[in-house]
Amino acid sequence: MIKTAEFRELLRDCRVLGSYEDVSGRRRRASVDSLLALLRSLGVDIESPDQAGDVLRERRRARLNCGVQPVLVAWDGRLKAVELSLPPEASGAMTYELIAEDGGHLAEGKANVEDLKTIIEPEETTYEFVTHQLPIIAKLPMGYHRLHVTIGEKSCHSLVVSAPGHAYLRADEGSESPQRHWCPFLPLYALRTELDWGAGDFRGLSELAQWAGQLGAGAVGTLPLLAASLDEPFEPSPYRPVSRKFWNELYIDVESINELRQCETARQLVA
């Protein structure tokens with residue numbers, strides 16, 4: 001049981017859940033020792049829940065000292081007013097610019113600190129920082145962009161992630177409204193057929209897609225199929241491809257290759 005409000009607030013600040021609801025609807029609560037270990041694995045220097053208040057205040061102080069959040073999200077391309085933390089004496093002109101991931105300019109502008117809306121006044125809990133709102137009116141394309149804010153000699157930077165608010169939903173033929181579909185998911189290496197060579201292959205994936213489609217599935221999901229490192233040092237992770245231009249040769253259906261029929265030596269090896 002989490003006993004202190006400050007410890008619960010620290011967990012929220014670190015995006016750590018203290019409990020969850022299992023498949024049977026029962027509430028499962030993590031032990032304090034487990035939560036402390038998880039916080040430490042995230043780089044939080046804490047040994048006891050009693051330290052939560054000091055740790056939380058120091059995290060907030062470090063965050064406010066950065067000027068802007070390190071990562072901002074623009075849902076559907078619209079960025080909410082950016083919270084800008086400045087010392088109380090900060091004043092005068094400031095500039096900002098949004099740079100697209102391809103280097104192009106998305107937005108830029110100027111403002112006076114005194115004209116910005118203040119949402120947090122200086123007090124002990126904010127370590128004498130004042131938090132303002134900087135409105136940036138621009139429809140951003142999907143992708144990763146950079147925000148740069150300059151006030152005098154101080155510069156603040158943030159990664160802006162422009163993401164859709166909802167996942168893509170396909171509209172069925174004859175209907176303009178999105179429809180929900182189901183799909184099976186499995187790693188291709190786990191797909192076994194009577195003709196595979198010990199791991200799944202692209203022929204098996206094609207047959208799975210056709211079979212699932214006949215049952216009404218809208219898609220088939222699997223892990224990335226890009227080329228992986230099969231040499232020393234061995235790194236088979238599908239999430240660390242050596243190239244995004246080629247498929248993983250591990251999944252080739254050798255017996256379906258046209259060149260196999262033209263090479264007697266290869267056919268003998270296969271046999």
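Quick caveat: nothing in here was measured; it's all calculated off a predicted structure. Side-chain atoms are counted along with the backbone in the values below, which use heavy atoms only and exclude waters and symmetry mates.
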Above 12 or not: heavy atoms from other molecules or residues under 6.0 Å from [atom1] of [X]?
X      : atom1 : answer
Phe202 : CZ    : yes
Arg240 : CZ    : no
Arg27  : CZ    : yes
Asp22  : CG    : yes

- request: Check the pair Leu223, Tyr239 against side chain to side chain contact (heavy atoms under 4.5 Å, CB included), reporting the backbone distance first and the verdict last.
  value: CA-CA 8 Å; Leu223 293 177; Tyr239 301 106; 3.0 Å; yes
For [X] versus [Y], what's the shortest heavy-atom pair and its separation?
X      : Y      : answer
Gly216 : Trp182 : O-NE1, 3.5 Å
Lys245 : Ser243 : N-OG, 3.0 Å
Pro49  : Thr4   : O-OG1, 4.2 Å
Phe129 : Arg61  : CE1-O, 4.4 Å
Val55  : Asp45  : CG2-O, 3.6 Å
Ser162 : Leu140 : OG-O, 3.5 Å

Judged by atom type as modelled, is there a donor-acceptor pair below 3.5 Å linking the side chain of [X] to the main-chain atoms of [Y]?
X      : Y      : value
Ser31  : Ser34  : yes
Ser24  : Arg26  : no
Arg15  : Arg12  : yes
Asn112 : Glu114 : no

task: Quick one: do Arg59 and Leu10 satisfy side chain to side chain contact (heavy atoms under 4.5 Å, CB included)? Show the steps, please.
output: CA-CA 9 Å; Arg59 282 175 60 85; Leu10 177 61; 3.8 Å; yes
Could you see if [X] belongs to whatever hydrophobic cluster contains [Y]? Use Ile, Leu, Val, Met, Phe, Trp, Tyr and a side-chain cutoff under 4.5 Å.
X      : Y      : answer
Leu186 : Trp247 : yes
Phe185 : Val220 : yes
Leu191 : Trp211 : yes

Which pairs of donor and acceptor atoms, one on a side chain in residues 78-98, lie under 3.5 Å apart (sequence neighbours left out)?
residue	atom	partner	partner atom	Å
Ser85	OG	Thr131	OG1	3.4

Pairwise distance CG(Leu226) to CG(Asn248) - rounded to 0.5 angstrom: 8.5 Å
task: Nearest 0.5 Å please: distance from the CD atom of Gln51 over to the CG atom of Asp54.
output: 8.0 Å
Can you find a pair of side-chain heavy atoms, one from [X] and one from [Y], that are under 4.5 Å apart?
X      : Y      : answer
Leu205 : Glu207 : no
His145 : Leu106 : yes
Val44  : Leu36  : no
Pro238 : Leu225 : no
Leu208 : Thr193 : no

field: Residues Glu6, Arg57; criterion salt bridge (charged side-chain N to carboxylate O under 4.0 Å, His left out); working and verdict
entry: CA-CA 10 Å; Glu6 288 180 327; Arg57 283 187 287 273; 3.5 Å; yes
- request: Take Val16 and Leu39 through the test side chain to side chain contact (heavy atoms under 4.5 Å, CB included) and record every step on the way to the result.
  value: CA-CA 8 Å; Val16 173; Leu39 288 173; 4.1 Å; yes
Which pairs would a plain distance check flag for residues 249-271, meaning a side-chain donor or acceptor within less than 3.5 Å of a matching protein atom at least two apart in sequence or in another chain?
residue	atom	partner	partner atom	Å
Asp253	OD1	Arg203	NH2	3.3
Asp253	OD2	Arg203	NE	2.9
Asp253	OD2	Ser256	OG	2.2
Glu255	OE2	Trp197	NE1	3.1
Asn258	OD1	Arg261	NH1	2.9
Glu264	OE1	Arg267	NH2	2.2
Glu264	OE2	Gln268	NE2	3.3
Arg267	NH1	Arg261	O	2.5

Which donor-acceptor pairs under 3.5 Å do side chains of residues 146-159 form with protein atoms, sequence neighbours excluded?
residue	atom	partner	partner atom	Å
His148	ND1	His157	ND1	2.6
Lys154	NZ	Asn65	O	3.3
Ser158	OG	Gln69	O	2.6
Ser158	OG	Pro70	O	3.3

message: I'd like to know whether Phe7 forms a side chain to side chain contact (heavy atoms under 4.5 Å, CB included) with Leu56, so could you lay out the CA-CA distance, the side-chain angles of the two residues, the decisive distance to 0.1 Å, and finally the verdict.
response: CA-CA 8 Å; Phe7 190 47; Leu56 183 61; over 6 Å; no
